[in-house]
Amino acid sequence: MAAEYTEYLEFACRVAAAAGAEILPHFREPIAVEDKGGGRGYDPVTEADRAAERVIRAEIAHAYPAHGILGEEQGRAPGASRWTWVIDPIDGTRSFILGQLHWATLIALHDGRRPVVGVVHQPYVAESFTATAGGSAQWRRAGEQRTLRTRRCARIEDAVVATTDPRHFDAPRTIAAYGAATAGARLVRYGGDCYCYTQLAMGLVDIVVETGLQPYDVQALIPLIESAGGAITDWQGGPCDNGGDVLACGDPALHATLLQRIAAG
């Protein structure tokens with residue numbers, strides 16, 4: 001499947017760039033922001049999110065009309081094949097509306113069993129993080145390309161932890177898990193959304209712990225972390241394709257240790 005995955009990956013990169021062309025005119029410019037959060041807390045969305053998803057969906061429908069699509073803004077469109085594109089037009093909309101840089105377009109392809117293609121594209125700095133299942137994880141920018149590898153870090157005392165917002169851990173179960181994954185760490189940093197995972201793939205961060213994720217928040221990141229040599233699962237060590245509670249580590253040995261700590265409560 002390597003050649004087929006490569007075809008899909010390059011398609012996803014082109015489509016992410018097209019989405020970026022829709023997004024950039026709105027970045028650091030006045031833009032209306034709608035809160036779609038309701039009881040889930042503040043969850044902003046803008047015309048940039050919606051325009052980017054429209055572009056991505058149109059490109060997929062033209063190139064692969066039998067494929068399904070799951071997107072943050074327009075939901076699910078079932079396909080006639082086992083393939084489903086899972087898209088988040090702007091992951092990190094909170095950062096986007098503040099003019100910060102920790103946001104990106106996420107595009108994944110799920111083969112019915114697991115995500116096999118992942119692309120993270122930040123158009124303002126013109127960098128992409130790409131991966132296919134069984135292939136390598138790559139960083140791309142302006143014609144430059146390099147392979148990504150996570151770093152070895154077996155001890156929590158040596159680890160750097162990243163999470164988007166500690167306030168997301170707001171129930172006894174999640175508070176305990178957050179403590180188990182961070183207690184004794186060398187450094188804990190907040191903010192980042194998808195960029196937490198890209199920095200883990202680059203070997204700059206050792207642990208990412210999150211809760212309350214959706215499938216489109218994480219599926220593009222799974223091939224990236226795994227192809228770079230890391231481990232990413234739910235808090236029980238199972239698949240995290242559907243989001244929810246997610247633990248990613250650059251060192252699989254540290255990941256196994258943290259799963260034990262979380263299970264112990």
Any side-chain heavy-atom pair of [X] and [Y] under 4.5 Å:
X      : Y      : value
Trp103 : Pro123 : yes
Tyr190 : Thr164 : no
Gln199 : Arg189 : no
Asp234 : Asn242 : no
Tyr178 : Asp170 : no
Pro115 : Val86  : no
Asp111 : Arg82  : yes
Glu53  : Arg50  : no

Test log, rule side chain to side chain contact (heavy atoms under 4.5 Å, CB included), inputs Leu259 and Thr233: CA-CA 9 Å; Leu259 289 178; Thr233 67; 4.1 Å; yes
Working to the nearest 0.5 Å, report the span between [atom1] of [X] and [atom2] of [Y].
X      : Y      : atom1 : atom2 : result
Leu9   : Thr132 : CG    : OG1   : 6.5 Å
Ile232 : Glu210 : CD1   : CD    : 9.5 Å
Leu258 : Leu247 : CG    : CG    : 5.5 Å
Ile87  : Gln219 : CD1   : CD    : 11.5 Å
Leu221 : Leu106 : CG    : CG    : 5.5 Å
His67  : Trp85  : NE2   : CH2   : 7.5 Å

Taking the six-membered ring for Trp, are the ring centroids of Tyr197 and Phe129 within less than 6.0 Å of each other? no
Do [X] and [Y] share a hydrophobic cluster, counting only Ile, Leu, Val, Met, Phe, Trp and Tyr and linking them when any side-chain heavy atoms are less than 4.5 Å apart?
X      : Y      : answer
Ile69  : Val117 : yes
Leu98  : Val45  : no
Ile23  : Tyr195 : yes
Leu224 : Leu254 : no
Val160 : Leu148 : yes

Is there a donor in the side chain of Thr147 and an acceptor in the side chain of Gln138, or the other way round, less than 3.5 Å apart? yes
Short side-chain donor-acceptor distance under 3.5 Å, His168 and Thr174: no
In sequence, state the C-alpha distance, the side-chain angles, and the governing distance for His26 and Thr46, and then conclude on side chain to side chain contact (heavy atoms under 4.5 Å, CB included). CA-CA 9 Å; His26 300 286; Thr46 71; 6.0 Å; no
Check whether any side-chain N or O of [X] sits under 3.5 Å from a backbone N or O of [Y] as a donor-acceptor pair, and report yes or no.
X      : Y      : value
Arg141 : Glu127 : no
Arg94  : Asp193 : no
Arg152 : Gly250 : yes
Ser95  : Gln100 : no
Arg151 : Leu204 : yes
Asp43  : Gly37  : no
Arg28  : Gly99  : yes
Thr105 : Ala16  : no

Minimum heavy-atom separation for [X] and [Y], please, with both atom names.
X      : Y      : answer
Asp245 : Gly212 : OD1-N, 4.3 Å
Ile156 : Ile207 : CD1-CD1, 3.4 Å
Pro223 : Gly118 : CG-N, 4.0 Å
Gly134 : Ser227 : N-OG, 4.5 Å
Val246 : Cys240 : CG2-CB, 3.9 Å
Trp139 : Met202 : CD1-CE, 4.4 Å

Working for side chain to side chain contact (heavy atoms under 4.5 Å, CB included), residues Phe96 and Val33: CA-CA 11 Å; Phe96 177 83; Val33 180; over 6 Å; no
Measure up the Trp235 and Phe169 rings against each other and bin them: parallel (under 30°), tilted (30 to 60°), perpendicular (over 60°). parallel
Can you list the residues that meet the side-chain hydrogen bond (donor to acceptor under 3.5 Å, both in side chains) rule with Ser128, with sequence neighbours excluded? His121
When you check the gap from the basic side-chain N to the acidic O, do [X] and [Y] get nearer than 4.0 Å?
X      : Y      : value
Asp206 : Arg186 : no
Arg114 : Asp241 : no
Glu22  : Arg57  : no

Applying side chain to side chain contact (heavy atoms under 4.5 Å, CB included) to Tyr124 and Phe27, what does each step give before you reach the verdict? CA-CA 8 Å; Tyr124 189 75; Phe27 185 52; 3.5 Å; yes
